[in-house]
Structure formats: structure tokens, C-alpha cells
Amino acid sequence: MRSSIIVGVVGVLCLTASCRQALNGEREVRAFIRENMPATTCFYLKDTLEHLALPKPFSVPTIKGKFQDLYYWDTYFTNLGLLSLGDIHQVRNNVDDILYLIERFGYMPNSSKMAQTNRSQPPYASMMIRDLYERTKDRAWLRGAYDILLKEYDFWMRERMTDTGLNRYYNMATEAYLLDFYDYIRRRIPSLRADADREERIRTASQYLSEAESGWDFTPRFHTHCEDYNPIDLNANLYIYEKNFAWFCSELGIEGTADWEETAALRLERINKYCYDGQSGEYYDYNYRTHTRSDVYSAAVFNILWAGIPNEEQAQNLVRQLNRLEMEYGLVACEPGERTDVYQWDSPNSWASFHVLAIAGLEAYGYRADARRIAEKYAGTIIRIFRQSGNLWEKYNGRKGNREVNSEYPLPPFMGWTAGGFLYATDYLRHAGL
């Protein structure tokens with residue numbers, strides 16, 4: 001597994017001029033994060049109509065307003081920030097709350113918001129557990145976490161499997177919920193028909209709700225048919241799960257290592273069979289119904305790199321085409337192109353999540369100069385916007401280096417993964433022996 005390879009490692013300070021420029025202003029942003037991160041901790045004692053109770057205090061993405069729940073994949077990147085700050089206790093709280101929800105539902109919901117229990121989000125619990133265990137070496141805790149994690153993996157293999165042997169995103173919503181959800185997404189995607197009949201509303205809403213499970217809500221990657229795709233990021237993450245399971249079995253001294261290695265090898269083979277385009281040398285989401293690959297090239301390829309799926313030649317091909325996603329101020333969600341709608345998970349929007357994965361993946365394959373450049377762009381842009389606004393934000397414009405983003409809702413001030421991504425990038429620049 002190739003995650004969290006930099007956090008907490010002490011090395012040689014980066015002294016290049018570009019690094020010094022990117023880190024100019026780092027201290028003030030770090031001080032802001034350190035002061036405000038505790039204000040993003042919540043605790044609900046009882047279930048309500050809106051929120052699920054959790055056994056331990058948990059981290060939320062924002063200090064106040066929108067996003068006052070524990071969000072699944074956000075928490076992985078938030079935890080990287082907490083690890084950088086040395087707050088292992090809160091990382092443990094977050095992971096234990098996720099394990100509690102998996103135990104309760106059989107999967108980790110999109111968030112601890114009651115209305116979002118009808119879908120999951122990109123699976124990152126395995127990575128969080130490994131990150132934490134590598135610091136605590138608590139085998140008794142790992143043994144219990146491993147058993148619960150198997151339940152989540154079974155959910156993905158039972159409820160989200162396709163005939164390619166790869167997984168997809170879907171949802172468990174009722175028809176009543178989908179009809180209401182259609183009205184909601186029309187506010188975010190205005191091109192949807194106001195006069196659609198009941199069947200079309202349910203069918204369309206289901207596709208968009210499944211896209212919400214992808215975490216990329218909404219994006220041109222799936223051409224409004226998310227349920228028909230084997231997404232490269234989802235299957236890369238499940239490959240990491242299988243590799244981690246093999247490692248967990250070895251650490252715990254229990255049977256299963258060889259079986260999990262075999263399962264992971266089979267998934268890698270299928271990803272390369274269906275999602276890898278040998279002519280272009282790139283990975284795309286695969287439509288298992290039409291037997292075609294998406295024509296939208298996206299930052300989801302960094303999950304592939306982070307997972308260690310490409311061979312050296314494939315990784316080299318991916319790095320050669322960084323310019324398809326890399327702009328002056330960082331990476332964008334998708335390669336620019338003609339669109340029928342405006343999406344937030346598209347160019348020119350930049351997000352913390354795929355910057356972290358790109359830095360980690362590039363470093364793991366030895367592309368240190370590229371990893372450094374991406375880290376410099378991300379850290380430098382966050383500092384630039386912080387100095388202009390006095391805050392951190394959910395996303396930014398990778399072309400302009402400002403807050404002029406394509407957004408389907410008002411842009412919220414953000415700690416969460418923006419803070420985690422910033423701390424990760426600056427830790428990398430300072431302590432990766434660059």
C-alpha cells in the first residue's frame with residue numbers, strides 16, 4: 001500500500017527556491033489550522049431525525065454551517081492533517097466511529113447524517129486503520145477492526161458487484177426518496193427536465209444518487225449513468241483493501257495472506273483488462289453495459305497510481321500526460337472539454353483529495369520532481385487564497401488560483417480535507433529529503 005508515506009517522517013529540509021516560495025506563509029496557515037481544527041469536533045449523544053449518534057467525538061469538515069456530520073472519505077484526508085498535528089487520539093476517535101457505523105449498518109454510510117444512510121462513499125476505512133495501526137501497533141484493536149472491515153468489504157462485493165468482476169457505485173434509496181431527490185438535483189443540474197414523468201424521475205435520480213456515492217457529485221466522468229460504470233478510483237481502493245487484508249493477516253498471525261494476495265492480483269488483472277487503454281496508455285472508467293471506456297480523463301487516475309496498480313511503463317505513461325490535468329495552480333478534477341452541464345467535479349476546480357493521492361503516488365514510483373511540483377502548487381495556492389480571504393475553502397480554481405469555482409452550492413469555508421491536504425503537502429516538501 002502506498003498511502004500516508006510522508007506524514008510523520010523526519011528528513012532533510014527542502015531548500016530549493018521553488019519550495020521556499022511555496023512555503024512562504026506556511027506558518028500562518030498552520031497556526032490557523034492548529035487553532036481552528038478543534039472547533040471541527042462534534043459529538044451527538046442520541047439519534048435524531050437529522051443526525052446519527054456516535055460513541056466518540058468526531059471530526060466534521062466545517063467549523064459551522066454546512067457539513068456538520070462525519071463524512072466518510074473526507075475523514076481519511078482530515079486524519080492525515082490530524083496525524084501531522086500529532087492528534088492521534090482524535091484520529092482513533094474518527095476511525096472507531098466509522099467502525100461503529102460499519103458494524104451498525106453493514107457498510108459505512110456517506111455520512112452520519114440520517115438522510116445519507118441510503119448510500120456509502122468511496123471506501124477508505126482500510127487505509128485509515130492501517131495508518132493508525134502503524135503508529136500504535138495495537139494488535140488487539142487491529143483484530144477487532146479487521147473483523148468489522150470484512151463486513152464492509154462483503155457489502156461492496158455483494159451489493160456493488162458487476163459481471164466484469166469489478167465494482168460499481170449504487171444506492172439503496174426508496175422511490176419516495178428518489179422523487180424528492182430529483183427535485184433537489186434539478187437545482188444543481190438545471191438542464192434536467194421539469195416535466196419528466198415519474199419513471200424518468202426515479203431512473204435519473206437513482207443515477208445521480210449513485211454518483212453521490214462516488215463522492216464526485218457531480219461530474220462528467222459517467223455521462224449521467226454512474227451505475228453503468230466500473231470506476232477506476234473505487235476499484236483501485238478495493239485493491240488496496242485486498243492488499244491491506246493480506247498485510248493485516250500477516251501482522252495478526254492469522255490465515256488468509258495468500259488468499260488475499262491472490263484476490264488482489266485478480267482485481268489488478270481485471271482493472272488492466274477493462275479500464276486500461278493500451279493505445280493511449282491511460283486508465284478510464286469502464287462502462288460494463290456498453291463495453292466502452294469513458295472519454296473523460298480524470299484525476300481518479302491518481303487513485304490508480306496511489307494503489308500501486310501500474311507497472312513502471314504504465315506509470316511512466318501516466319506521468320507523461322500530467323499536463324492534461326495539471327494547471328498553473330494545481331490539478332483539476334477532469335481534463336477540460338465540451339460539456340452539456342456545469343459540474344463542480346470538473347475543470348477548473350481543484351480539490352485536496354486528488355492532490356494528496358498524486359503526491360503520494362508520484363513519490364512512490366520515484367517521480368519526485370513531479371510530486372514536489374504538485375505539492376508546491378497546492379500549498380502555494382492555499383497560502384495565496386488564505387492571504388486574500390483569511391480562510392480555507394472547500395475547493396479552488398486551478399487555472400486562476402482563486403475562489404472562482406464552478407459550484408452547485410455556495411462555496412463553504414472548509415477545514416477538513418483542505419487542512420489535511422495542506423499539512424500533507426507541506427510536510428512532504430519539508431521532510432521528504434528533497
Side-chain angles (χ1 to χ4, degrees), residues 2 122 162-169 211 214 216 219-226 228-240 265-328 330-340 343 345-351 353-355 357-371 373-374 377 398-399:
R2 299 173 184 267
T162 72
D163 57 12
T164 60
L166 297 175
N167 300 78
R168 65 168 178 165
Y169 291 113
E211 201 165 297
S214 81
W216 287 52
T219 177
R221 283 172 57 188
F222 308 119
H223 299 285
T224 73
H225 285 77
C226 179
D228 299 347
Y229 280 87
N230 297 138
I232 54 177
D233 43 358
L234 170 61
N235 285 282
N237 280 25
L238 290 172
Y239 173 79
I240 294 176
L266 183 57
R267 183 179 297 275
L268 186 150
E269 179 183 315
R270 288 167 173 166
I271 289 172
N272 279 317
K273 176 180 179 180
Y274 294 107
C275 302
Y276 184 67
D277 184 342
Q279 289 187 329
S280 69
E282 290 300 341
Y283 290 86
Y284 293 88
D285 305 306
Y286 180 75
N287 188 316
Y288 65 91
R289 296 193 188 278
T290 63
H291 310 292
T292 58
R293 299 183 185 95
S294 173
D295 59 357
V296 177
Y297 188 64
S298 78
V301 297
F302 298 118
N303 288 76
I304 292 281
L305 195 66
W306 179 55
I309 287 171
N311 60 32
E312 295 302 325
E313 181 181 355
Q314 291 168 329
Q316 188 177 50
N317 288 337
L318 193 156
V319 173
R320 280 200 196 104
Q321 299 192 62
L322 273 173
N323 62 340
R324 297 173 67 181
L325 296 169
E326 185 180 350
M327 305 298 168
E328 183 177 356
L331 302 167
V332 295
C334 295
E335 182 179 24
E338 294 185 9
R339 312 285 191 240
T340 56
Y343 302 98
W345 285 88
D346 194 6
S347 178
N349 289 0
S350 293
W351 300 76
S353 54
F354 49 72
H355 281 87
L357 303 186
I359 295 164
L362 290 165
E363 165 67 22
Y365 276 90
Y367 294 97
R368 182 159 286 183
D370 298 291
R373 187 180 66 254
I374 298 302
K377 287 185 176 184
R399 283 187 176 276

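Residues: numbered from 1 along the sequence shown. The basis for the numbers below is simple: all heavy atoms, side chains too, and nothing from hydrogens, waters or symmetry mates.
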Are the side chains of [X] and [Y] in touch, meaning some heavy atoms are under 4.5 Å apart?
{"X": "Tyr365", "Y": "Pro310", "result": "yes"}
{"X": "Pro231", "Y": "Ser214", "result": "no"}
{"X": "Trp216", "Y": "Ser298", "result": "yes"}
{"X": "Tyr276", "Y": "Ile304", "result": "no"}
{"X": "Leu362", "Y": "Leu305", "result": "yes"}
{"X": "Leu318", "Y": "Phe302", "result": "yes"}
{"X": "Val301", "Y": "Gln321", "result": "no"}
{"X": "Leu166", "Y": "Ile271", "result": "yes"}

Does [Y] offer a backbone N or O that forms a donor-acceptor pair with the side chain of [X] under 3.5 Å?
{"X": "Asn287", "Y": "Tyr229", "value": "no"}
{"X": "His355", "Y": "Ile374", "value": "no"}
{"X": "Glu363", "Y": "Ala360", "value": "no"}
{"X": "Thr219", "Y": "Trp345", "value": "yes"}
{"X": "Asn235", "Y": "Asn167", "value": "yes"}

Side chain to side chain contact (heavy atoms under 4.5 Å, CB included) partners for Arg293, two or more places apart: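 Result, side chain to side chain contact (heavy atoms under 4.5 Å, CB included) vs Arg293: Asp277, Tyr284, Tyr286.
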Minimum heavy-atom separation for [X] to [Y], with atom names?
{"X": "Arg339", "Y": "Asp346", "value": "NE-OD2, 2.7 Å"}
{"X": "Val332", "Y": "Met327", "value": "CG1-CG, 3.6 Å"}
{"X": "Ala315", "Y": "Tyr367", "value": "C-OH, 4.3 Å"}
{"X": "Leu268", "Y": "Tyr239", "value": "CD1-OH, 3.5 Å"}
{"X": "Ala333", "Y": "Leu325", "value": "O-CD2, 4.3 Å"}
{"X": "Cys334", "Y": "Ser347", "value": "O-CB, 3.2 Å"}

What residues form a salt bridge (charged side-chain N to carboxylate O under 4.0 Å, His left out) with Arg221, not counting sequence neighbours? Asp233, Asp285
Residues that Arg399 engages under salt bridge (charged side-chain N to carboxylate O under 4.0 Å, His left out), provided they are two or more places apart: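 Counting only residues at least two positions away or on another chain, Arg399 forms no salt bridge (charged side-chain N to carboxylate O under 4.0 Å, His left out).
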Any ion pair linking Arg324 and Glu282 (charged N to carboxylate O, less than 4.0 Å)?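 No, no charged N to carboxylate O under 4.0 Å.
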Any luck finding a side-chain donor-acceptor pair between Asn303 and Asn237 under 3.5 Å? yes
Tell me yes or no: between the side chains of Asp228 and His223, is some donor less than 3.5 Å from an acceptor? no
